[in-house]
Amino acid sequence: MPTKYDPKDTETKWYPYWTNGKFFEAEGKGEKEPFTIVIPPPNVTGRLHLGHAWDTTLQDIISRLKRMQGYDMLWLPGMDHAGIATQAKVEGKLKEEGTSRYELGREGFLEKAWDWKEEYADFIRQQWAKMGLSLDYSRERFTLDEGLSTAVREVFVSLYNKGWIYRGQYIINWDPDTQTALSDIEVDYKEVQGHFYHMKYPLKDGSGHIEVATTRPETMLGDTAVAVHPEDERYNHLIGRTVVLPIVGREIEIIADDYVDMEFGSGAVKITPAHDPNDFEMGNRHDLERVLVMDEAGTMNENAGRYKGLNRFECRTQLVKDLQDDGVLFDIEEHTHSVGHSERSGAVVEPYLSTQWFVKMKPLAKQAIALQHKEDKVHFVPDRFEKTYLHWLENIRDWCISRQLWWGHRIPAWYHKETGEMHVGHTAPSNPEEWEQDEDVLDTWFSSALWPFSTMGWPNKENPDFKRFYPTNVLVTGYDIIFFWVSRMIFQGLEFTNERPFKDVLIHGLVRDAEGRKMSKSLGNGVDPMDVIDRYGADALRFFLATGTTPGNDLRFHWEKIEANWNFANKIWNASRFALMNMSGLRYEDIYIDGEKTIADRWILTRLQETIRDVTRLMDNYEFGEVGRLLYNFIWDDVCDWYIEMAKLPLYGDDEAAKQKSRSVLAHVLEQTMRLLHPIMPFITEEIWQHLPHTGDSVTAASWPEADRTLEDAESVEDMELLKSVIHAVRNTRAEMNVIPSKEIDLQIKPQTEAEQLQLERGRSYLERFCNPGQLSIDSALTAPEKSVSHVLSGAELYMPLAGLIDLQEEIARLEKEKEKLDKEVERVQKKLSNEGFVQKAPDHVVQEEREKEKDYLEKREKVTARIQELQT
RNA sequence: GAGCCGUUAGUUCAGUGGGAGAACGCUUGCUUGACAGGCAAGAGGUCACUGGUUCGAAUCCAGUACGGCUCACCA
């Protein structure tokens with residue numbers, strides 16, 4: 001084994017071993033209890049980012065843990081066709097090739113899109129492999145594959161028949177760049193510095209005008225009314241009168257509606273029912289005409305008169321100029337307002353009158369809300385996200401699900417060419433030549449919403465996987481897609497399987513750069529997880545992702561942290577190297593840890609049991625950050641800095657039996673530790689586990705450690721405490737006095753009682769190794785030698801005669817400082833104990849602890865004081 | 001406008017009723033038979049602020065300030 005850990009060798013070796021050995025494939029039958037996770041399917045558009053790496057690392061930790069705990073673990077992989085995003089990418093590629101989807105036609109385009117999908121799916125699988133994810137590829141699914149398409153049609157038809165899916169003409173969010181409708185949540189609102197345009201619309205009879213204002217002047221071409229508040233005294237007399245719409249010349253009425261805010265602007269509003277959701281509503285109430293003034297590309301149409309052919313922004317510029325010239329537009333105000341942008345294309349979203357398909361959300365939301373009051377609700381971790389989720393559900397509006405794209409699930413609706421009659425069903429009507437299928441496809445999220453059950457064979461409820469693995473146990477995802485995905489899976493799951501689709505939802509945050517900024521293409525601050533792996537290994541990246549935060553919080557990326565985690569891997573590597581160099585062929589069946597053991601052996605075994613218990617508990621609570629810290633400190637501090645150093649005593653000694661025992665303990669501790677760490681750092685733990693004495697084919701398939709109380713030993717812990725405090729004091733003195741470790745110094749220890757006397761005698765060999773004393777005496781009758789440094793410990797006093805090195809005044813000063821510290825402690829404890837409220841009301845064990853502390857501090861202070869006096873005389 | 005989160009060592013973050021923690025960074029020393037990407041010893045914090053509850057608050061409650069996020073409105 002090389003002295004330096006090289007993750008490349010290790011990490012390329014084990015993944016094929018695991019997949020060839022089918023360690024990640026769920027059994028799908030048998031006695032084991034199933035445990036299920038479905039991956040949030042990444043888009044087939046391209047590269048995985050650090051967010052994916054984080055998300056999947058968390059899932060892999062759970063999956064590997066559960067597999068080791070004896071569950072029939074299914075972690076189901078898959079990808080999402082990602083309609084708009086993928087279509088845009090494929091179209092971009094076609095453009096480079098000098099063609100377009102229109103030239104290829106629908107069929108030809110879809111062929112290209114499927115080619116793209118195959119290529120990128122492969123790429124994504126390679127990235128998963130580099131991450132070390134324990135996915136069951138035998139069950140991989142794709143949102144557009146046949147089974148999932150069946151599920152989509154089943155859901156669509158079912159909701160349609162129930163009246164919960166409908167088609168109609170409404171104002172929707174239109175993206176003029178990609179030329180498709182969007183749902184409400186696919187619109188990002190951004191504060192934009194715009195203008196507020198004030199206009200005068202003349203009354204028809206020439207008796208004056210009414211002032212209106214708008215941020216989108218081009219919509220005035222589609223105005224069909226002006227509205228005022230019915231109780232607005234300024235305008236009462238104008239209600240019912242007619243104004244002439246400037247430029248257009250259309251006569252429109254002044255109507256009254258209490259939607260109008262009298263305080264805002266002039267108190268009069270121009271109404272454009274075809275281009276604004278509120279105006280649309282008002283139009284319905286007052287039976288107003290709807291005049292659409294632009295086409296699907298955002299280009300002004302024939303209703304815009306002489307502006308026809310200009311795009312919406314050019315039109316705005318020209319129209320403002322013309323209106324100013326006419327004196328209609330008399331004021332332009334600076335105005336910041338939020339403007340909707342397409343989440344995908346970034347285009348300014350146009351509220352647009354259009355015929356689309358919708359899901360009626362109220363009844364579905366109602367069921368989902370009701371679920372959260374029941375025992376078998378979805379548990380959000382951390383639970384504050386349940387509030388976010390419920391708030392959204394309570395205020396939900398109908399979901400626009402049709403998209404004007406080709407890459408997706410085509411809407412299963414057919415229209416009769418002659419009669420216009422509509423047919424909705426799983427298949428086309430029997431005489432297909434007379435019918436035309438709806439051109440549009442469904443929102444990608446419509447199929448993603450079915451993911452937890454459509455991937456398992458639903459709507460065939462007899463599918464063995466569906467019966468065994470659904471509902472799933474936990475879903476892991478970022479808070480940014482609670483609305484897009486989590487909520488939709490819940491209401492669809494409830495509606496179609498009568499069950500929550502997952503018991504827990506583990507929510508994590510976003511990965512940010514070192515300055516806390518979101519990683520984005522435009523900032524160029526993104527980090528490719530594959531680069532991180534190439535430089536430091538997947539284990540280092542995974543450890544970073546697992547331990548950086550607590551659930552629900554964002555994570556800042558720092559290269560230094562990744563590097564530190566590589567150091568950790570290297571530490572593990574070298575500790576194992578040491579162990580293996582000293583195993584001398586120990587076999588798994590030779591490991592024997594019962595019977596007589598050293599203090600160090602008993603202590604590390606005790607610490608191991610504690611660690612097993614804590615790690616298991618924390619894992620179950622998804623507290624991976626704590627798990628990481630615990631294992632880091634156990635391995636680095638307890639195993640490496642203390643245990644291995646102490647075990648060198650027997651290992652380098654002559655006592656064969658003692659050697660053999662320490663080998664056993666060391667092998668056992670490391671083997672168990674590799675199991676504990678395996679879910680987080682699968683590669684290095686497999687590599688080391690395979691080198692160590694072991695049984696079985698892979699640590700992946702090893703059982704999860706269980707704490708064994710018979711291996712816990714309180715005496716060893718107490719011994720270690722005292723020994724550590726002595727060693728610590730000696731090292732401290734050596735450092736202060738500049739006495740290098742290789743130089744011997746005499747050491748005199750005065751135990752307080754016989755118990756401590758025995759403890760120190762038991763640990764004598766350790767003290768000799770760690771303190772390098774010339775002479776070591778342990779004697780309760782000791783008196784302090786002249787010119788010595790002294791330390792007062794709990795249970796013992798320590799003297800180091802350092803004549804020639806010691807400066808008496810400095811030593812006195814040091815002890816004075818020590819005394820001051822003790823004074824403070826004594827004061828604090830006594831203040832507490834003299835408080836009657838405390839003694840009466842605090843739990844007994846707390847009071848008892850304080851009393852013991854008081855005793856200890858008082859004794860120490862007394863000894864320190866005595867020592868100071870000695871030195872002063 | 002409503003809601004949520006954060007504010008703890010130089011930095012990044014844990015801790016969530018009983019003596020302030022980790023990692024990295026910093027200082028000093030060390031070729032100690034696994035590791036110098038290591039070992040050892042240190043320095044460093046009125047736990048944002050103000051009240052309250054409590055025998056006891058970094059921890060619970062209310063409010064304030066600053067930073068951030070989400071939703072809604074925006075003619």
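On a predicted model such as this, the values are computed, not experimentally measured, just so you know. Proteins come first, then strands; the chains are lettered A, B, ... in the order of their sequence lines, and each starts at number 1.
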Student: Could you tell me whether A:Ser576 contacts a base, only the sugar-phosphate backbone, or nothing, with contacts defined as non-hydrogen atoms closer than 4.0 Å?
Tutor: nothing
Student: Give A:Arg828 one of three labels, base, sugar-phosphate or nothing, depending on what nucleic acid heavy atoms sit under 4.0 Å from its own.
Tutor: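 The answer is base, as A:Arg828 lies within the cut-off (heavy atoms under 4.0 Å) of a base atom.
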Student: B:C4, B:A40, B:A23: which one has an atom nearest the side-chain heavy atoms of A:Arg731?
Tutor: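 My answer, after comparing the listed nucleotides, is B:A40.
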Student: Picking from B:C24, B:U70, B:C39, which would you name as closest to the side chain of A:Glu560?
Tutor: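 Of the candidates, B:C24 comes closest.
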Student: Would you say A:Asn553 places a side-chain N or O within less than 4.0 Å of OP1 or OP2 belonging to B:A14?
Tutor: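 Yes, because at least one side-chain N or O of A:Asn553 sits under 4.0 Å from OP1 or OP2 of B:A14.
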Student: Within the 4.0 Å heavy-atom criterion, would you say A:Tyr5 contacts the bases, only the backbone, or no part of the nucleic acid?
Tutor: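 It contacts nothing in the nucleic acid.
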Student: Answer yes or no: does a side-chain N or O of A:Arg629 lie under 4.0 Å from OP1 or OP2 of B:A22?
Tutor: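 It does not, given that no N or O in the side chain of A:Arg629 lies less than 4.0 Å from OP1 or OP2 of B:A22.
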Student: Which atom pair, heavy atoms only, marks the closest approach of A:Val291 to A:Ala274?
Tutor: O-CB, 3.3 Å
Student: Tell me what A:Val212 touches on the nucleic acid: a base, only sugar-phosphate, or nothing, going by heavy atoms under 4.0 Å.
Tutor: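 The residue A:Val212 makes no contact with any strand.
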Student: What contact category does A:Thr214 fall into here, base, sugar-phosphate, or nothing, at under 4.0 angstrom with non-hydrogen atoms?
Tutor: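 If one applies the 4.0 Å heavy-atom cut-off, A:Thr214 turns out to touch the sugar-phosphate alone, with no base involved.
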Student: Charged N to carboxylate O under 4.0 angstrom, A:Asp184 versus A:Arg397?
Tutor: yes
Student: Considering every strand and a 4.0 Å limit on heavy-atom distances, what is the contact class for A:Lys387: base, sugar-phosphate, or nothing?
Tutor: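 Counting heavy atoms under 4.0 Å across all strands, the contact made by A:Lys387 is with sugar-phosphate only.
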Student: Does B:G38 have its OP1 or OP2 closer than 4.0 Å to a side-chain nitrogen or oxygen of A:Asn567?
Tutor: yes
Student: Using the P atom in both, what is the distance from B:C49 to B:A40, to the nearest Å?
Tutor: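 Roughly 36 Å separates the two P atoms.
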Student: A:Ile740 has a side chain; which of B:G29, B:A41, B:G38 sits nearest to it?
Tutor: B:G29
Student: With a 4.0 Å cut-off on heavy atoms, is A:Glu645 in touch with a base, just the backbone sugar-phosphate, or nothing at all?
Tutor: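 Base contact - A:Glu645 has a heavy atom under 4.0 Å of at least one base atom.
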Student: Under a 4.5 Å cut-off applied to non-hydrogen side-chain atoms, are A:Lys270 and A:Pro217 in contact?
Tutor: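 Side chain of A:Lys270 against side chain of A:Pro217, heavy atoms only: no contact under 4.5 Å found.
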Student: Would you say that A:Ile255 contacts A:Val226 through its side chain, given a criterion of any heavy-atom pair below 4.5 Å between the two side chains?
Tutor: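 No; the side chains remain at least 4.5 Å from each other.
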Student: Starting from the 5' end of RNA chain B, give me the residue, A:Gly625 or A:Asn278, whose nearest nucleotide shows up first.
Tutor: A:Gly625
Student: Check every atom of B:C39, B:C35, B:A34 against the side chain of A:Cys640 and return the nucleotide holding the closest atom.
Tutor: B:A34
Student: Please state the P separation for the pair B:U11 and B:U70 - nearest whole angstrom.
Tutor: 26 Å
Student: Once ring pair (Phe, Tyr, Trp, His ring centres under 6.0 Å) is applied, do any residues pair with A:Tyr652, and if so which ones, sequence neighbours excluded?
Tutor: none
Student: Provide, to the nearest angstrom, the distance between the CG atom belonging to A:Leu390 and the C1' atom belonging to B:C4.
Tutor: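 Distance check: A:Leu390 CG to B:C4 C1' gives 14 Å.
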Student: Using a 4.0 Å heavy-atom cut-off, does A:Gly548 contact any base of the nucleic acid, only the sugar-phosphate backbone, or nothing at all?
Tutor: sugar-phosphate
Student: Using the C1' atoms only, state how far B:G18 lies from B:G51, rounded to an integer number of Å.
Tutor: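 Going atom to atom, C1' in each nucleotide, I get 23 Å.
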Student: Which nucleotide, B:C4, B:A14, B:A23, lies nearest any side-chain atom of A:Arg384?
Tutor: B:C4
Student: Taking any heavy-atom pair under 4.0 Å as a contact, classify A:Trp392: base, sugar-phosphate, or nothing.
Tutor: nothing
Student: Is A:Glu825 paired with A:Lys821 through a side-chain N to carboxylate O contact shorter than 4.0 Å?
Tutor: no
Student: Grab the CD1-P distance between A:Ile507 and B:C69 for me, whole Å please.
Tutor: 19 Å
Student: Using the P atom in both, what is the distance from B:G6 to B:A41, to the nearest Å?
Tutor: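 Straight-line distance between the two P atoms is 35 Å.
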Student: Once you round it to whole Å, what is the distance between C1' of B:C71 and CD of A:Glu191?
Tutor: 14 Å
Student: Counting the atoms with a prime plus P, OP1 and OP2 as sugar-phosphate, which does A:Lys841 contact under 4.0 Å by heavy atoms, base, sugar-phosphate, or nothing?
Tutor: base
Student: When you check the gap from the basic side-chain N to the acidic O, do A:Asp232 and A:Arg234 get nearer than 4.0 Å?
Tutor: yes
Student: When all nucleic acid strands are considered with a 4.0 Å heavy-atom cut-off, which category describes A:Phe557: base, sugar-phosphate, or nothing?
Tutor: nothing
Student: So that I can compare with my own list, what are the stems of RNA chain B, taken as at least three consecutive Watson-Crick or G-U pairs with distances under 3.5 Å?
Tutor: B:1-7 with B:65-71, B:10-13 with B:21-24, B:26-30 with B:38-42, B:48-52 with B:60-64
Student: Tell me which nucleotide among B:C55, B:C35, B:C5 gets nearest to the side chain of A:Asn835.
Tutor: B:C55
Student: Does A:Lys648 or A:Val269 map to a spot on RNA chain B nearer the 5' end, using the closest nucleotide for each?
Tutor: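 Here A:Lys648 is the residue nearer the 5' end.
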Student: Between A:Arg734 and B:A40, is there a contact of a side-chain N or O with OP1 or OP2 at under 4.0 Å?
Tutor: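 False: A:Arg734 side-chain N/O out of range (4.0 Å or more) of B:A40 OP1/OP2.
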Student: Hey, does the side chain of A:Trp559 come within less than 4.0 Å of B:C24's phosphate (OP1/OP2), counting only N and O?
Tutor: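 No.
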Student: May I ask you to verify if any side-chain N or O of A:Lys831 is less than 4.0 angstrom from the OP1 or OP2 atom of B:C55?
Tutor: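 So the side chain of A:Lys831 is outside the cut-off, no N or O lying under 4.0 Å from OP1 or OP2 of B:C55.
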Student: Between A:Leu630 (CG) and B:G21 (P), how many Å, whole number?
Tutor: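 It works out to 16 Å between those atoms.
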Student: Among the candidates B:A41, B:C55, B:G38, find the nucleotide nearest to the side-chain atoms of A:Trp636.
Tutor: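 Nucleotide nearest to A:Trp636's side chain: B:G38.
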Student: Could you state the atom-to-atom distance from CD of A:Glu850 to P of B:C55 in whole Å?
Tutor: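 To the nearest whole Å, that distance equals 17 Å.
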Student: Over how many whole Å does the gap from A:His391 atom NE2 to B:G1 atom P extend?
Tutor: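 Computing the A:His391:NE2 to B:G1:P distance gives 16 Å.
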Student: So does A:Asn772 get a side-chain nitrogen or oxygen closer than 4.0 Å to the phosphate oxygens (OP1/OP2) of B:U32?
Tutor: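 Looking at the OP1 and OP2 atoms of B:U32, neither is under 4.0 Å from any side-chain N or O of A:Asn772.
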Student: Would you mind reading off the distance between A:Asp641 atom CG and B:A34 atom P, rounded to a whole angstrom?
Tutor: 14 Å
Student: Are A:Arg312 and A:Glu218 ion-paired here, with the side-chain N under 4.0 Å from a carboxylate O?
Tutor: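 A salt bridge is absent here (no side-chain N lies under 4.0 Å from a carboxylate O).
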Student: Between the base of B:G33 and the ring of A:Tyr652 - centre-to-centre under 5.5 Å, planes within under 30° - is that a stack?
Tutor: yes
Student: Would A:Tyr536 and A:Trp566 count as a ring-ring contact (aromatic ring centres under 6.0 Å, His included) if you check the C-alpha gap in whole Å, the side-chain angles of each, and the deciding distance to 0.1 Å?
Tutor: CA-CA 6 Å; A:Tyr536 294 100; A:Trp566 180 87; 7.5 Å; no
Student: For the side chain of A:Ala842, starting at C-beta, report the closest nucleotide among B:C13, B:C55, B:A40.
Tutor: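 From the listed options, B:C55 comes nearest.
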Student: If we check side-chain hydrogen bond (donor to acceptor under 3.5 Å, both in side chains) with A:Thr272, which of these qualifies: A:Thr214, A:Thr224, A:Asp223, A:Asn278?
Tutor: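 Testing A:Thr272 for a side-chain hydrogen bond (donor to acceptor under 3.5 Å, both in side chains) against A:Thr214, A:Thr224, A:Asp223, A:Asn278 leaves exactly one candidate, A:Asp223.
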Student: Please determine if A:Glu645 and A:Lys648 form a salt bridge, counting it only when a charged side-chain N lies under 4.0 Å from a carboxylate O.
Tutor: yes
Student: If only side-chain N and O atoms of A:Lys561 are considered, is one of them under 4.0 Å from the OP1 or OP2 phosphate oxygen of B:C13?
Tutor: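 No, no such contact exists.
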Student: Reckon A:Glu836 touches a base, only the sugar-phosphate, or nothing at all at heavy-atom distances under 4.0 Å?
Tutor: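 Result for A:Glu836 = nothing.
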Student: If only side-chain N and O atoms of A:His728 are considered, is one of them under 4.0 Å from the OP1 or OP2 phosphate oxygen of B:G42?
Tutor: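 A:His728 to B:G42 OP1/OP2: side-chain N or O found under 4.0 Å.
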Student: Could you tell me whether A:Val260 contacts a base, only the sugar-phosphate backbone, or nothing, with contacts defined as non-hydrogen atoms closer than 4.0 Å?
Tutor: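 A:Val260: base contact, heavy atoms under 4.0 Å.
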Student: For B:A43 and B:G37, measure between their C1' atoms and round to the nearest Å.
Tutor: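 The answer is 24 Å between these two C1' atoms.
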Student: Going by the angle between their ring planes, with limits at 30° and 60°, are A:Tyr622 and A:Phe624 parallel, tilted or perpendicular?
Tutor: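 Aromatic pair A:Tyr622/A:Phe624 classed perpendicular.
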Student: Atom OH of A:Tyr389 to atom P of B:C71: distance rounded to whole Å?
Tutor: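 Whole-Å distance recorded here is 17 Å.
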Student: So, is A:Thr550 close to the B:A14 phosphate, meaning a side-chain N or O under 4.0 Å from OP1 or OP2?
Tutor: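 Yes.
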